[in-house]
Amino acid sequence: MEPQTNNKFPEIRRQNRILEDLRAIELLETSLYGFLCLGENENGYTYGIPISYAYDEARNCLHFHCATEGQKLEILKHQNKVSFCVVKNVQTISHKFSTLYESVIVFGTADMDPCDEDKRTALRELVKKYSPDYLESGETYIENAFHKVHTFKITIEHITAKGNK
């Protein structure tokens, strides 16, 4: 994982809340979904959506699947720089007017045109994450859905993680 200081990205303001790299990875591995933040749509609004994903440490990327058409894909065709955020362990501390949380933000570039091997990898990673007890039947599911779904990945360029614990 890339260090948190980088000339392209501002430093986290609350340095005392930075989470260790291993904790950031653990949050990416265990969170069920996150929010994908995209560029502007045709009406000039930015577009953010909750979406399931699989973190692939070996390939330094996040895998996603979706329909073969839609607003998300249209935006990504024109602007492939994105951010993706997960938040876990949220607890409101009412009497302190505060919240406990842990969060990770990934910045990266979306690759919209996977080859068949990369598409299978993405789908297998998603099955492994969300249906680990069904890997064998997951292969059948992948083959049956292969031409009905689209996959893309975000190559990770920078990660920040912080928490208030």
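One is the number of the first residue; the rest follow in order along the sequence.
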Visitor: Can you measure from CD1 (Ile159) to CG (Leu27) and round to the nearest 0.5 angstrom?
Guide: 10.5 Å

Visitor: When clusters are formed by joining ILVMFWY residues with side-chain heavy atoms under 4.5 Å apart, either directly or through shared neighbours, do Phe64 and Val87 land in the same one?
Guide: no

Visitor: Can Thr30 and Lys88 be said to form a side chain to side chain donor-acceptor pair (under 3.5 Å), step by step?
Guide: CA-CA 9 Å; Thr30 60; Lys88 279 192 83 168; 3.0 Å; yes

Visitor: Give me the atom names and distance for the closest heavy-atom approach of Ile105 to Ser83.
Guide: CG2-CB, 4.3 Å

Visitor: Say you draw a straight line from NZ of Lys153 to CZ of Arg59; how long is it, rounded to the nearest 0.5 Å?
Guide: 8.0 Å

Visitor: With sequence neighbours left out, write down each residue that passes side-chain contact (heavy atoms from CB on, under 4.5 Å) with Glu29, or none if nothing qualifies.
Guide: Ile25, Tyr55, Glu57

Visitor: Taking the ring of Tyr53 and the ring of Phe84, is the distance between their centroids below 6.0 Å?
Guide: yes

Visitor: Given side chains that start at C-beta, do those of Thr99 and Gln91 come closer than 4.5 Å, heavy atoms only?
Guide: no

Visitor: Above 12 or not: heavy atoms from other molecules or residues under 6.0 Å from OH of Tyr134?
Guide: no

Visitor: For residues Val127 and Gly138, report the shortest heavy-atom separation together with the two atoms involved.
Guide: CG1-CA, 4.0 Å

Visitor: Say whether, by atom type as modelled, one donor and one acceptor occur between the side chain of Asp113 and the main chain of Cys115 under 3.5 angstrom.
Guide: no

Visitor: Can a salt bridge be assigned to the pair Glu143 and Arg120 using a cut-off of 4.0 Å between side-chain N and carboxylate O?
Guide: yes

Visitor: Which atoms form the tightest heavy-atom contact between Ser31 and Tyr130, and what is the distance?
Guide: O-OH, 4.5 Å

Visitor: Verify the neighbour count for atom OH of Tyr141: are there more than 12 heavy atoms of other residues, nucleotides or ligands below 6.0 Å?
Guide: no

Visitor: Looking at side-chain heavy atoms only, is the closest gap between Lys162 and Ser103 below 4.5 Å?
Guide: yes

Visitor: Salt bridge between Glu74 and Lys77, side-chain N to carboxylate O under 4.0 Å?
Guide: yes

Visitor: Are Lys119 and Val149 packed together at the side-chain level, in the sense that at least one heavy-atom pair is separated by less than 4.5 angstrom?
Guide: yes

Visitor: Identify the two heavy atoms, one from Ala54 and one from Lys129, that lie closest to each other, and give their separation to 0.1 Å.
Guide: CA-CD, 4.1 Å

Visitor: Taking side chain as C-beta onward, heavy atoms only, is Ile154 less than 4.5 Å from Val82?
Guide: yes

Visitor: Do Gln79 and Glu40 touch side chain to side chain, with heavy atoms closer than 4.5 Å?
Guide: no

Visitor: Sub-3.5 Å donor-acceptor pair from the side chain of Asp56 to the main-chain atoms of Leu62, do we have one?
Guide: no

Visitor: Is there a path of hydrophobic side-chain contacts, each under 4.5 Å between heavy atoms of I, L, V, M, F, W or Y residues, that connects Leu76 with Phe35?
Guide: yes

Visitor: With a 4.5 Å heavy-atom cut-off, do Leu100 and Val90 have their side chains touching?
Guide: no

Visitor: So which heavy atom on Phe152 is nearest to which on Leu36, and how close?
Guide: CZ-CD2, 3.9 Å

Visitor: Write down the atom of His63, the atom of Leu126, and the distance for their closest heavy-atom approach.
Guide: O-CD2, 4.0 Å

Visitor: Would you call Arg124-Glu139 a salt bridge at under 4.0 Å N-O?
Guide: yes

Visitor: With Asn80, which residues qualify under side-chain contact (heavy atoms from CB on, under 4.5 Å), at least two apart?
Guide: Thr109, Ala110

Visitor: So do the side chains of Leu38 and Thr46 get within less than 4.5 Å of each other, counting heavy atoms only?
Guide: no

Visitor: Do Tyr47 and Cys37 have side-chain heavy atoms sitting under 4.5 Å apart?
Guide: no

